[in-house]
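To start, the structure itself, in structure tokens.
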Protein chains: 2
Amino acid sequence: MSTIKDVAKLAGVAPSTVSRVIADSPKISKRTKERVKEIMDELGYYPNVHARNLVNKETNVIGVIMPSASYAPFQNPFFPEVLRGITAQANKDKYGLYLSTGQTEEGIMEEVKEMVYSRRVDGIILLYSTTSDPVIPFLLREKFPFVVIGRPPEDYKDVVSYVNNDNVKAAKMLTEYVLLLKHERIGFIGGRKDAYVTLDHKHGYEQALETAGIEVNPMYFVYHDEVFEGGEQAVIELMAQATPPTALVVADDLMALGVLRMLTSMGYRVPEDISVVSFNNVLMSELSAPPLTTMDIFIYELGFQAATLVREQIAAPPLAAQARIVGHKLVRRSSTSRRIIKESTP
Amino acid sequence: MSTIKDVAKLAGVAPSTVSRVIADSPKISKRTKERVKEIMDELGYYPNVHARNLVNKETNVIGVIMPSASYAPFQNPFFPEVLRGITAQANKDKYGLYLSTGQTEEGIMEEVKEMVYSRRVDGIILLYSTTSDPVIPFLLREKFPFVVIGRPPEDYKDVVSYVNNDNVKAAKMLTEYVLLLKHERIGFIGGRKDAYVTLDHKHGYEQALETAGIEVNPMYFVYHDEVFEGGEQAVIELMAQATPPTALVVADDLMALGVLRMLTSMGYRVPEDISVVSFNNVLMSELSAPPLTTMDIFIYELGFQAATLVREQIAAPPLAAQARIVGHKLVRRSSTSRRIIKESTP
DNA sequence: TTGTAAGCGTTATCAA
DNA sequence: TTGATAACGCTTACAA
């Protein structure tokens, strides 16, 4: 493994000159540049990143923090898809990606600390946002560049950069669509109760109902983790009631598949007996039976924008918090239909 | 940000002493250890990784190389699942994960070189294995610790460490299962033609047929990328024949969903008219209609073992190549049934 | 335009 | 048991 000194010696110049050639400094003559470069690939020289990072105090690496494996698990296609977006942008800018491996909330906090204090990364992308998470306050206190995907806690709204959808609006629209199909008893199956996205969904759902002049019925809310089983559970709880909903707004496609499955096993037909809508528009939502009507939230774009934003955070003088709102789009498929209003027996 | 010198000064000792405390050297008295440790967390001291990596010549980071985004895309739940396995093991050992972001084959090769030459990582896990890929020969030439998930090229079989399933056996078993259901015209839908796993599947399929005394019909092979659309395409090609297959062995669950979808749209019923089996047993295979009979290959375990192996490769004196074969298990669901033999009209 | 030398924050060797 | 000091490989004033 050759060092900058080897190159210098062979090229008959000083190490600093080689360094300047690497940096493509304009102060170096064309001739020497060429000679040095020749030697460099003759030797297959690559700069040692650690030496470099040590003096530069920057790493060109972005830390990506996954939610703890306990909730919102890797199963959910949401994560590969954001990662794909992040990756694409990072690659363009020659940034590397350092992935968190923590399995618990404490484990993750430790990792974040390590990333920050030991200067492992230049900036961080948080792939989740929950109400009580200690990571955001920490990063803020340290004035460390970071971006969260999702909505940050209200208190921090103006000081943290984030990329999000307008989940209130999206949920409102989704609910309104169901209302337009003449449904009135609409169940709401939320995700983790401490995730902001869940609060926002709920909010939008309520707004739509209120606007339509329909009373919000607390018996129609239920919260579960964003996994298949969560959907199954939710259905049991909601449909066991005396007057069960005729339509279901579900926080996540994966959950919705659970919902579908459970409904089917109970003998309900979708969409004839009951309509189902959900969020995310991941690949699977197209493949289910029936294909899901779902709200596309452009997950790839969320990742891509997040990566763009950290880069800006890293470059900029600190504290210029920015927000980016990614759009949403209703994808109509076959899990919804107009409510059949039964003739009242004469 | 405090350094080892700050700690030393405040504790009234030399930097080297602090360093020894960090390393928990037995030569340091209990008293000083305690005092130094106190100062350390008073200052919130964390060692600078780059300084450390620079002198230690090791990073405690594992590089993870994804296949180029062009084929075998992130869509496929295979990747999150291996990653989950890798993550779990890496986390236990306090190893970090550095993710490749390359989108093209050349881009990836560049990244690998950079990881190796600039000493960014201690070892590498390759998440794919194709016939002509330049990465494996490169890593071998550099004597760099690495593990491939999948089967390495024949020539390197004894010199590279890998984790794999016995895909020949698995494919044979899967085909035999279909044969036992009395099918005789069995189509084979392979993945990328230059992936070893595809060759192995094909091989196992042929073995099963030969053993059963059934002629291998080249009209019944078809290869496509492991994506939904690949499955759809394949069905068109296979079913357009004069005597189409009555059962299909499909390389991947995701593809199989495409197969299912296309068959359904053509008016075939699965499994009544045609049986479908596939590989991987990813979550979706359980959720499809009908749920897929598929070969579980324990993807999480593949990742976990790969991480274990790189660690050993890193620790060991070079060149002690090891192989680890992970099991497989047939998961019977509802996409298969006994062939209905039509009475010949008298 | 180039070279010299100091410094980045650690660890390891050698003395004390 | 501890302290000085030289290295690790690079960048960047400052000099030439």
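To find a chain, count down the sequence lines: A is the first, B the second, and so on, and within it residues start at 1.
Note that the first and last nucleotides of DNA chain D, 5' to 3', having any atom under 4.0 angstrom from a heavy atom of chain A are D:dG9 to D:dA13.
Look at CG on B:D6: it is 9 Å from P on C:dG9, rounded to the nearest Å. As rounded to whole Å, 14 Å separates atom P of C:dT10 from atom CG of A:N53. One interatomic measurement links the two molecules: CG of B:L43 to P of C:dG9, which rounds to 14 Å at whole-angstrom precision. Rounded to a whole Å, the NE2 atom of A:H50 is 16 Å from the P atom of C:dG9.
Of all heavy-atom pairs spanning A:A321 and A:S161, the tightest one is CA-OG, 3.5 Å. Scanning all heavy atoms of the two residues, the minimum distance from A:V147 to A:V310 falls at CG2-N, 3.5 Å.
A donor-acceptor pair is defined here as one N or O able to donate and one able to accept, closer than 3.5 Å; no such pair exists between the side chain of A:R311 and the backbone of A:D93. For B:K33 (side chain) and B:S25 (main-chain N/O), a donor-acceptor pair under 3.5 Å exists by modelled atom type. At least one donor-acceptor pair closer than 3.5 Å links the side chain of A:E111 to the backbone N or O of A:G102. Distance alone, capped at 3.5 Å, is enough to place a donor-acceptor pair between the B:N53 side chain and the B:E58 backbone. Remark: side-chain polar atoms of B:T87 are paired, donor with acceptor, to backbone N or O of B:L83 under 3.5 angstrom. Distance alone, capped at 3.5 Å, places no donor-acceptor pair between the A:D41 side chain and the A:G44 backbone.
Residues passing the salt bridge (Lys or Arg N to Asp or Glu O under 4.0 Å) test with B:E114, sequence neighbours excluded: B:R120.
Remark: A:S29 is in phosphate contact with C:dT2, judged by side-chain N or O atoms under 4.0 Å from OP1 or OP2. When the side-chain nitrogen and oxygen atoms of A:Y117 are compared with OP1 and OP2 of C:dG9, none of them lie within a distance under 4.0 Å.
Both B:P47 and A:T32 lie near DNA chain C, and the one whose nearest nucleotide falls closer to the 5' end is A:T32.
Residues in residues 3-14 of chain A take part in no side chain to side chain donor-acceptor pair (under 3.5 Å) pair, two or more places apart or across chains. The ring pair (Phe, Tyr, Trp, His ring centres under 6.0 Å) contacts involving residues 91-127 of chain B comprise A:Y46-B:Y117, B:Y117-B:F138, where partners must be two or more places apart or lie in separate chains.
At a threshold of 4.0 angstrom between heavy atoms, the contacts of A:V18 with the nucleic acid are absent. Within the nucleic acid shown, B:V49 has no heavy atom closer than 4.0 Å to any nucleic acid atom. Nucleic acid contact for A:N56: sugar-phosphate only, since backbone atoms but no base atoms lie under 4.0 Å from a heavy atom of the residue.
Each end of the helix from C:dT1-D:dA16 to C:dA16-D:dT1 gets its own rotation axis from five pairs of C1' atoms, and the angle between them is 40° to the nearest 10 degrees.
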All N/O pairs under 3.5 Å across the protein-nucleotides 4-8 of chain C interface:
from	atom 1	to	atom 2	distance (Å)
C:dT4	O4	A:S16	OG	3.0
C:dC8	O3'	A:K57	NZ	3.2

